[in-house]
Amino acid sequence: MYISGALVVVVGVTGEQLFKTLARLLDSRGKVRAERENLRGRDLSWETCLLGAIPRSFGGLPSFPQGKSREALPLIPQVARLTVDQFPDNPIALEGLTYLYLSSEKALDLKKNQYEALMAWVHGGGRLIVGVEQAQDVTSTPWMRGLFPGELKGATTVRSRGALQAWLQTSAGQDTDETPTRPTVRGPGNAPRRPTQGRPRSPAFPLATPPRAGAAEFAGLAPDPAFEEAEFAVATVTLRDEEVVVSAGSTPLAIRAVRGRGSVTGLTFSPDREPFRSWKNRTWFWARLCNIPASVFDAATPNTFGGWSVDGVFGAMIDTRQVRKLPVEWLLALLVVYLIVIGPLDQWWLKKINRQMLTWLTFPAYVVLFSLLIYYIGYKLRAGETEWNELHLVDILPRAERAELRGRSYSSLYSSVNARYKLASDQSYAALRNEFVGLWGGGPESGSGVVDLKANGFNAEISVPVWTSQLYINDWEQPSAMPLTATWVKEGANTRVRVENHLARKLTDVRLAYQDRLYTLGGMEPNQAKTISLEPSLSHPLGEFVFNVSQRFQSAISGRRQAFGNTQSGRLDLSADNVIAASFISEGGNVQGVQRSFIYPYGSDVSSLLARGDAVLVAWDPGHSPAGSTVRRFTPPITKENTLFRLHLPAARPTE
């Protein structure tokens, strides 16, 4: 007998109401072994910052300022306290967090699979904040020593004497690595980049729609004289290429370093200890460190609403083309004919033959006849063979000489019969979810299935009704050889990019997004290397490209949910243009007034990497999927698979 967990959760996405959850632990026979009711949570806005925390003690738990009214509640950042025992060993489980605070003392208690998941999350885009209890906590732990910014040497004591207060009152965003509204970002060759002003950001990268914090927003904070003159212990640090966020004199108090797609902020003091715990502006320190503007806590801050799920965009690309819809005009015509037959025509005919009592026989006959006719029409429109289509968005995360592939596999299954289908994954990190239909879709998810999570991968069984398509998304991560690489090449005043295709097949469409431009590199033969100059003639504005391509996205999402109408309205071409535009969906303008255009899961949109001044290489690989990425455990008559590789190219360290 084995024990499995079943968790039933009712979750909202934008309101301010409390929701309840019911958790049940079942054995293999379906018997309830344990049950807990009335677990409470709070609805959060899609943009809300969620800070996970593993503090040294409960009193050291980070906290944020309170909102001034109930209108501000959906956007108020939240803190989720974790324990070492609760900490996941799967980086995908951490992707709901915007930031994670970790006490160095508690880091010593993390097991190997836990800290490996933590490092994978950081390299994949997560942002970690580490508070130093003692320098030896970091220096004696190899994984922490390699992750922490700078090199800790010893300890000393300092007084803030206005340093932290002054930092609170400076313009936020000048010391962050994810600021899309900074005036100028320098890339290779010291080339300036003019960012898109006010561009919304991904919810699990930085906070999205509210304006960024500025000096005026924190200027009214009163100083705390007792804290300013109190001594507190700090670790001394030797800097390499890290950025000093704030310092007391010449002693850094917070430093930040880029780690892959993410970042690590090191606090050289312990926020769990006095005098920091008693600082009157402690909550504003965490808001400032997490780059949350003060206006978020104000009732006047508008809360955006709505939003189409980007899942529907990918679904419109890969849903089966076997299904045809009955036009509404034909449906209305059929209804009119039915009403005429069972009404005036039946009455006229029976009256003409003087057999009005036969209506007890003719009326059921008409119902049966039209039922068979409707079934026949439905069969002709929707009958076909079972079809499985896959679209893989694969982020290449370099790790030494190899890579971690972080994949998001969209799979659409069209079923020709009422059946249940087996899915499974043996990857180290994997999860399966239904399509999220979005806040305009009338419900949170579509589809149904049973998923049994294992230590490595999962087993699942999904149910798909006859003649319908269901979309499922497999999030996974696995080690791999590098599919392709890219490096900066400096040639005088020119900036060039060298791209190498390490695959034994052709990549049909390779492009580079950089400095708000999208450069076309063309196709690449197997094992080919190509160097390209970043010339304006080879590019066009990325925002304009995304805006133009995504014009049909919303109508396609809406059309694919309609049972009747124009067959083409719910379909998008499965092309590199559409997949690339969906990967930079926020570049096309994601908020109109207070209405969102699209919402998307963590890491789906990679525009935040461009906001740091970096570049993203995308490569279209049609007709193929990464090895081991498919979860299908059955053999349908029709299968299709396509892949878009996405490679982050840091701009801070060009090859000379």
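Each residue takes its place number in the sequence, starting with 1. Small disclaimer: the values here were computed from a predicted structure and weren't measured.
- Using modelled atom types, no side-chain atom of T98 and backbone atom of L51 make a donor-acceptor pair closer than 3.5 Å.
- Counting heavy atoms from C-beta on, the side chains of R127 and T265 never come closer than 4.5 Å.
- Residues E242 and R256 are not paired through a salt bridge, judged by the lack of any N-O separation under 4.0 Å between the basic side chain and the carboxylate.
- At distances below 3.5 Å, not a single donor-acceptor pair connects side-chain atoms of Q66 with backbone N or O atoms of I76.
- Side chain to side chain, Q136 and S140 fail the donor-acceptor criterion of an N or O pair below 3.5 Å.
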Output, in order, the C-alpha distance, side-chain angles, deciding distance and verdict of ring pair (Phe, Tyr, Trp, His ring centres under 6.0 Å) for F285 and F276. CA-CA 10 Å; F285 169 86; F276 185 87; 5.0 Å; yes

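- Side-chain N or O atoms of T48 include one that pairs as donor or acceptor with a backbone N or O of S45 at under 3.5 Å.
- In this structure, the side chain of Q554 does not engage the main chain of W308 through any donor-acceptor pair within 3.5 Å.
- Put simply, the side chain of P541 reaches to within 4.5 Å of the side chain of R517, judged on heavy atoms.
- Residues V313 and S550 form no side-chain contact, since every pair of their non-hydrogen atoms from C-beta on lies 4.5 Å or further apart.
- Residues W167 and L289 form a side-chain contact, since some pair of their non-hydrogen atoms from C-beta on lies under 4.5 Å apart.
- No option in Y600, Y602, F436, F598 other than Y600 meets the ring pair (Phe, Tyr, Trp, His ring centres under 6.0 Å) test with W46.
- Screening H648, E477, R408, E404 against D395 for a side-chain contact (heavy atoms from CB on, under 4.5 Å) leaves a single residue, R408.
- With salt bridges taken as basic N to acidic carboxylate O contacts below 4.0 Å, none links K112 and D89.
- Under a 3.5 Å cut-off, the side chain of W121 and the backbone N or O of L94 do form a donor-acceptor pair.
- Screening T157, V234, V158 for a side-chain contact (heavy atoms from CB on, under 4.5 Å) with F269, the sole residue that qualifies is V234.
- Without hydrogens or angle criteria, D272 side chain to S57 main chain gives a donor-acceptor distance under 3.5 Å.
- Smallest separation of non-hydrogen atoms from V546 and A581: CG1-O, 3.8 Å.
- Panel note: side chain Q114, backbone K111; a donor-acceptor pair is recorded below 3.5 Å.
- Looking at R646, its side chain never comes within 3.5 Å of a backbone N or O of I580 through a donor-acceptor pair.
- For the pair V606/R261, a side-chain contact is recorded, criterion being any heavy-atom separation below 4.5 Å from C-beta on.
- Pairs passing the salt bridge (charged side-chain N to carboxylate O under 4.0 Å, His left out) check and including a residue from residues 142-159, sequence neighbours excluded, read E151-K153, R159-E231.
- R56 and S270 form no side-chain donor-acceptor contact under 3.5 Å, judged by distance and modelled atom types alone.
- Nearest heavy-atom pair, P77 versus V296, reported as atom, atom and distance to 0.1 Å: CD-CG1, 4.1 Å.
- Using a 4.5 Å heavy-atom threshold, the side chains of D109 and I54 count as separate.
- At a threshold of 4.0 Å, the pair E133-R273 counts as salt-bridged, since one of the basic side-chain nitrogens sits closer than that to a carboxylate oxygen.
- Taking the six-membered ring for Trp and the full ring otherwise, W286 and Y99 have centroids separated by 6.0 Å or more.
- Distance alone, capped at 3.5 Å, is enough to place a donor-acceptor pair between the D605 side chain and the I585 backbone.
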Taking it one step at a time, do L164 and V246 satisfy side chain to side chain contact (heavy atoms under 4.5 Å, CB included)? CA-CA 7 Å; L164 287 173; V246 59; 4.0 Å; yes

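- When every heavy atom of L128 is checked against every heavy atom of L102, the shortest pair comes out as CD1-CB, 4.1 Å.
- Taking the six-membered ring where the residue is Trp, the centroids of W488 and Y514 are separated by under 6.0 Å.
- Checked by atom type and distance alone, the side chain of S63 never pairs as donor or acceptor with a backbone atom of T283 at under 3.5 Å.
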